Amino acid sequence: MPELPEVETVARGLDKRVAGDVIDSVWLGEKPEPLKSPANEIVAVLERSRIARVRRVGKHIVVDLERMPRNGKGKAHPHGQWIIHLGMTGRVQVAQPKDELLKHTHAVLKLKSGRELRFVDPRRFGRLAVVRLDAKMPAGFAAPGDEPLLADAGRFIELFRKRKTPIKSALLNQGLLSGVGNIYADESLFRAGIRPRRRASTLTRDDLCRLHAALKEVLNEAIALGGSSVSDYVDADGREGFFQLQHRVYGREGEPCLVCETPIKRIVIAGRSSHYCPHCQR
DNA sequence: ACTATTTCCTGGATGC
DNA sequence: TGCATCCAGGAAATAG
């Protein structure tokens with residue numbers, strides 16, 4: 001499932017492949033479409049726009065769009081953004097028109113280069129939206145929380161120290177940090193030696209410092225390996241990531257802890273399965 | 001202002 | 001083999 005490292009991988013892959021291309025036309029699937037903006041608004045912002053850049057913000061893919069001046073001369077100017085949230089099973093494909101249309105394809109963008117960008121999402125948890133860059137929204141889309149890789153230890157402590165909720169829930173709260181999901185929350189808590197049910201406010205500054213370091217470490221390692229391919233995640237080129245091979249607790253219920261051989265436990269916190277080592281994590 | 005719970009959605013796994 | 005049921009989970013909505 002796409003969390004920060006997977007979305008980063010997809011965004012980098014898309015940027016490499018489609019930056020500079022122009023969106024000629026847009027097809028959106030039948031209702032109910034997984035949209036956040038009205039369909040006509042999405043079409044209006046995307047069509048005839050040039051893709052300046054594709055990047056990640058939190059768990060969102062942000063496609064920065066430009067328009068040429070009406071007379072076609074002069075410099076392109078920032079115009080809007082296409083925001084993609086992959087949800088659980090969302091994928092963005094770069095395809096050729098002759099390529100078979102996958103079931104659950106909800107959007108197809110025809111590009112000037114002849115290729116197509118396709119949004120496919122069987123489970124429909126993904127969302128598409130557009131932002132117009134204007135006086136009301138000059139800076140465009142912003143995630144509600146801090147970027148985990150940019151927040152320093154002081155900021156990290158400030159975000160969590162007063163929360164009475166379990167630290168696992170706090171890590172998943174996108175309003176605090178944007179981009180951490182179930183896998184990387186569990187993996188960072190294991191590396192920091194902290195039980196997922198511990199109330200955030202009971203953690204010492206040292207605990208939070210260790211967690212901050214562990215989270216950055218695990219996210220960076222995962223990005224380096226192209227993310228985790230569990231469920232059906234693949235990147236923009238259809239390649240799987242390899243970080244699932246590095247998982248120490250996620251999905252390992254009953255298997256021996258890699259440090260002390262105690263069986264890994266699975267509990268449910270806020271409706272999410274949470275994996276930890278009862279011996280190594282306190 | 002927080003926190004906890006429910007809901008959305010479908011494919012794959014499981015059980016009888 | 002076939003059908004029913006359960007489960008996965010990000011985030012919005014709802015309830016407390």
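In the text below, chain A, chain B and the rest are named by the order of the sequence lines, each starting its count at 1. As the structure is a prediction and not an experimental result, all values here were calculated from the model. Note: hydrogens, waters and symmetry copies are ignored here, and every other heavy atom, side chains too, is used.
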By the 4.0 Å heavy-atom rule, please label S273(A) as base, sugar-phosphate, or nothing. sugar-phosphate

Does the side chain of H104(A) get closer than 4.0 angstrom to OP1 or OP2 of dC9(B) through an N or O atom? no

Mind calculating the distance between CZ (R272(A)) and C1' (dC7(C)) to the nearest angstrom? 11 Å

Any salt bridge between R198(A) and D207(A), counting N to O under 4.0 Å? yes

Are side-chain heavy atoms of R67(A) and H77(A) found at a separation under 4.5 Å? yes

Just the rounded figure in Å: distance from P of dC9(B) to CG of D121(A). 12 Å

Closest-nucleotide ordering on DNA chain B, the 5'-leading residue of K103(A) and T165(A): T165(A)

Nearest to side-chain heavy atoms of R163(A), which nucleotide of dG11(B), dT7(B), dC2(B): dC2(B)

Rounded to whole Å, please give me the gap between NE2 in H60(A) and P in dA11(C). 6 Å

Does Y184(A) have a side-chain nitrogen or oxygen under 4.0 Å from the phosphate oxygens OP1 or OP2 of dG9(C)? no

Do E187(A) and R191(A) sit within salt-bridge range, that is, some charged N less than 4.0 Å from a carboxylate O? no

Grab the NZ-P distance between K164(A) and dT3(B) for me, whole Å please. 7 Å

So if I take every side-chain heavy atom of R124(A) and compare against dA11(C), dC9(B), dA8(C), which nucleotide ends up nearest? dC9(B)

Give the rounded distance in Å between these two atoms: CG of L159(A) and P of dC2(B). 12 Å

Indicate whether the side chain of H275(A) and that of D186(A) have a donor and an acceptor atom separated by less than 3.5 Å. yes

Return the nearest nucleotide to the side chain of K59(A); candidates are dT5(B), dT3(B), dG10(C). dG10(C)

Once rounded to the nearest 0.5 Å, what's the spacing between atom CD1 of I51(A) and atom CG of L14(A)? 8.5 Å

Can you check the N173(A) CG to dA4(B) P distance for me, whole Å? 11 Å

Any stacking of F125(A) on dA11(C), going by centres under 5.5 angstrom and planes within less than 30 degrees? no

Counting only side-chain N and O atoms of K162(A), is one of them less than 4.0 Å from OP1 or OP2 of dA1(B)? no

For the side chain of M88(A), starting at C-beta, report the closest nucleotide among dT3(B), dA11(C), dG9(C). dG9(C)

Phosphate-side-chain proximity, K36(A) and dA12(C), N/O vs OP1/OP2 below 4.0 Å: yes

Between dC9(B) (C1') and F119(A) (CZ): distance, integer Å: 13 Å

Regarding the side chain of A270(A), the nearest nucleotide among dT5(B), dA4(B), dA11(C) is dT5(B)

Is there a side-chain contact between T89(A) and the phosphate of dG9(C), meaning an N or O under 4.0 Å from OP1 or OP2? no

Determine the sole option in R115(A), K16(A), K112(A) for which the salt bridge (charged side-chain N to carboxylate O under 4.0 Å, His left out) test with D21(A) is passed. R115(A)

Rounded to whole Å, CG of L171(A) lies from P of dG9(C) at a distance of 15 Å

N/O donor-acceptor pair, side chain R123(A) with base dG11(B), under 3.5 angstrom: no

